[in-house]
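Please read all numbers here as calculations on a predicted model, not as lab measurements. The chains referred to below are lettered A, B, ... by the order of the sequence lines, with proteins before strands, and numbering in each begins at 1.
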There are 2 protein chains.
Amino acid sequence: MSADQTKERILDAAERLFAEQGFDATSLRAVTAEAGTNLAAVNYHFGSKSALLPAVVARILVPVCQRQLELLDEIEARDLPPTLEELLEAFTSPITDLFEQGRRGPVLARMFARIMGDPGDEMQRMTMSEVGDAEERYEAAFARLLPEIPPAELWWRFRSIGPVVVSRQIGLQASPDVGGPPTPAEADAVALRAWTMTFLAAAMRAPATVQAPAAVTSAVLANA
Amino acid sequence: MSADQTKERILDAAERLFAEQGFDATSLRAVTAEAGTNLAAVNYHFGSKSALLPAVVARILVPVCQRQLELLDEIEARDLPPTLEELLEAFTSPITDLFEQGRRGPVLARMFARIMGDPGDEMQRMTMSEVGDAEERYEAAFARLLPEIPPAELWWRFRSIGPVVVSRQIGLQASPDVGGPPTPAEADAVALRAWTMTFLAAAMRAPATVQAPAAVTSAVLANA
DNA sequence: GTCTATAACGGGATAGAC
DNA sequence: GTCTATCCCGTTATAGAC
């Protein structure tokens with residue numbers, strides 16, 4: 001078997017198992033068994049177990065961000081400014097598409113959630129380096145579209161888009177007896193995109209909060 | 001040392017370590033070292049490592065839900081129906097309060113995020129049994145307040161509240177060099193509550209999505 | 001490049017004294 | 001109830017044959 005094939009098979013197996021069971025709970029033995037190789041191959045190709053994780057994450061994230069940027073390019077190539085819904089759709093649909101990929105998608109949503117809650121900056125730094133470009137450009141695009149929202153408040157609104165999309169995808173998987181969705185998951189998947197768009201568009205468009213920002217408050221207090 | 005004291009000390013240590021490092025990555029040896037006891041004590045009081053996790057989670061969640069229910073009782077004891085903002089505040093403030101508890105709070109946000117993304121229904125079932133009551137009553141209260149939103153769509157809106165609150169708390173902790181918030185965390189903490197309220201209130205209040213629900217669509221297709 | 005075999009280690013659980 | 005000492009297992013990583 002060629003080197004590239006072995007590497008890909010290891011990544012496939014690792015992605016599935018990490019997503020399903022978590023990184024710590026997954027042994028290299030399980031990965032190599034599923035990949036049809038052996039322990040030594042992982043260490044040869046990736047160096048160690050911990051080095052396998054960034055490789056898996058990058059392989060997932062890179063195409064998503066590429067697609068996000070492509071869609072943004074298309075939007076910005078036009079003359080007229082985009083609608084908020086268009087911008088949201090361009091940002092979220094590559095993520096949703098990923099999650100709706102047959103049987104690969106669903107488990108990935110959980111992997112994302114795990115990454116977001118992971119301790120230590122290591123994982124977040126890793127994720128950032130892949131996602132940074134797309135995030136910056138979209139944030140700027142939202143800022144142009146919503147000039148009346150102060151940048152600090154808009155920053156938080158923008159960062160809530162991902163969690164909402166990811167958490168809803170996870171909710172879609174929950175079985176009804178542990179508090180899953182009220183209607184069949186297949187039917188919901190279609191409606192869910194539209195409902196999520198409604199939810200996020202309204203939230204992004206909300207008038208700026210009137211209350212004085214805390215930064216100002218504390219500056220005033222400091223001078224008192 | 002009394003039995004209760006030992007038990008509490010183990011729970012304290014486990015809570016901190018699970019939240020900081022994750023469940024799998026935390027060894028019982030680390031827990032007992034911090035608790036000032038030994039391995040056998042954990043197995044005596046809790047039976048096993050896996051049985052320690054539910055105990056830790058329950059100790060965190062129970063008071064939060066109690067407070068949520070108290071606040072809802074106060075609101076419903078009045079004659080006039082609550083505003084959406086009041087209801088949101090009552091639901092979210094016990095969570096936010098938890099996260100703002102000195103040095104205990106911040107790590108707990110990550111523990112929550114991890115739980116939400118955890119595979120297997122085990123953890124989610126455990127969480128549900130603690131949280132179920134409060135969730136049901138609040139969902140009903142929101143439904144009364146927003147009768148024009150179809151229940152299925154409202155269900156998803158309501159389930160997004162938690163993820164938004166939790167993810168923002170995690171964002172508050174991120175250091176600026178990994179994409180943390182633009183302004184100092186201390187100043188933001190105050191403003192953040194108000195901004196989050198603006199965001200969520202607008203999202204909850206959004207007019208119902210016009211598009212036909214997928215359930216209807218697929219029923220029509222099935223009859224074609 | 002790939003594999004087998006093994007080294008070196010740390011984990012959870014438990015028996016049994018106190 | 002609490003502790004020490006120990007068992008036994010699964011883990012990662014690597015040396016060395018092919």
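- Put simply, CG on N38(B) is 14 Å from C1' on dT6(D), counting in whole angstrom units.
- Using cut-offs of 30° and 60° for the angle between ring planes, the F158(A) and F91(A) rings count as tilted.
- At dT2(D), one or more side-chain N or O atoms of T6(B) fall inside 4.0 Å of OP1 or OP2 (strictly under the cut-off).
- Applying the salt bridge (Lys or Arg N to Asp or Glu O under 4.0 Å) rule to pairs touching residues 21-43 of chain A yields R16(A)-E34(A), sequence neighbours excluded.
- Geometrically, K7(A) does not engage Y44(A) in a cation-pi contact, judged by NZ or CZ lying under 6.0 Å from the ring centre and within 45° of the ring axis.
- Side-chain proximity of Y44(B) to dT2(D), dT2(C), dC3(C): nearest is dT2(D).
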Protein and nucleotides 10-17 of chain D: nitrogen or oxygen contacts under 3.5 angstrom:
unit_1: dT11(D); atom_1: OP1; unit_2: S27(A); atom_2: OG; d: 3.3
unit_1: dT12(D); atom_1: OP1; unit_2: L28(A); atom_2: N; d: 3.1
unit_1: dT12(D); atom_1: OP1; unit_2: K49(A); atom_2: NZ; d: 3.4
unit_1: dT12(D); atom_1: OP2; unit_2: L28(A); atom_2: N; d: 3.0
unit_1: dA13(D); atom_1: OP2; unit_2: N43(A); atom_2: OD1; d: 3.4
unit_1: dA13(D); atom_1: OP2; unit_2: K49(A); atom_2: N; d: 3.1

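- The separation between L52(B) atom CG and dG11(C) atom C1' is 15 Å, rounded to whole Å.
- The CD1-C1' distance, from I10(B) to dG1(D), rounds to 11 Å in whole Å.
- Counting only residues at least two apart or on different chains, the side-chain hydrogen bond (donor to acceptor under 3.5 Å, both in side chains) pairs with a member in residues 55-67 of chain B are E8(B)-R59(B), D12(B)-R59(B), E15(B)-R59(B), R67(B)-E70(B).
- In this structure, the CZ atom of F46(B) is 16 Å from the C1' atom of dA13(C), given to the nearest Å.
- Between the R157(A) side chain and the M204(A) main chain, a donor and an acceptor come within less than 3.5 Å of each other.
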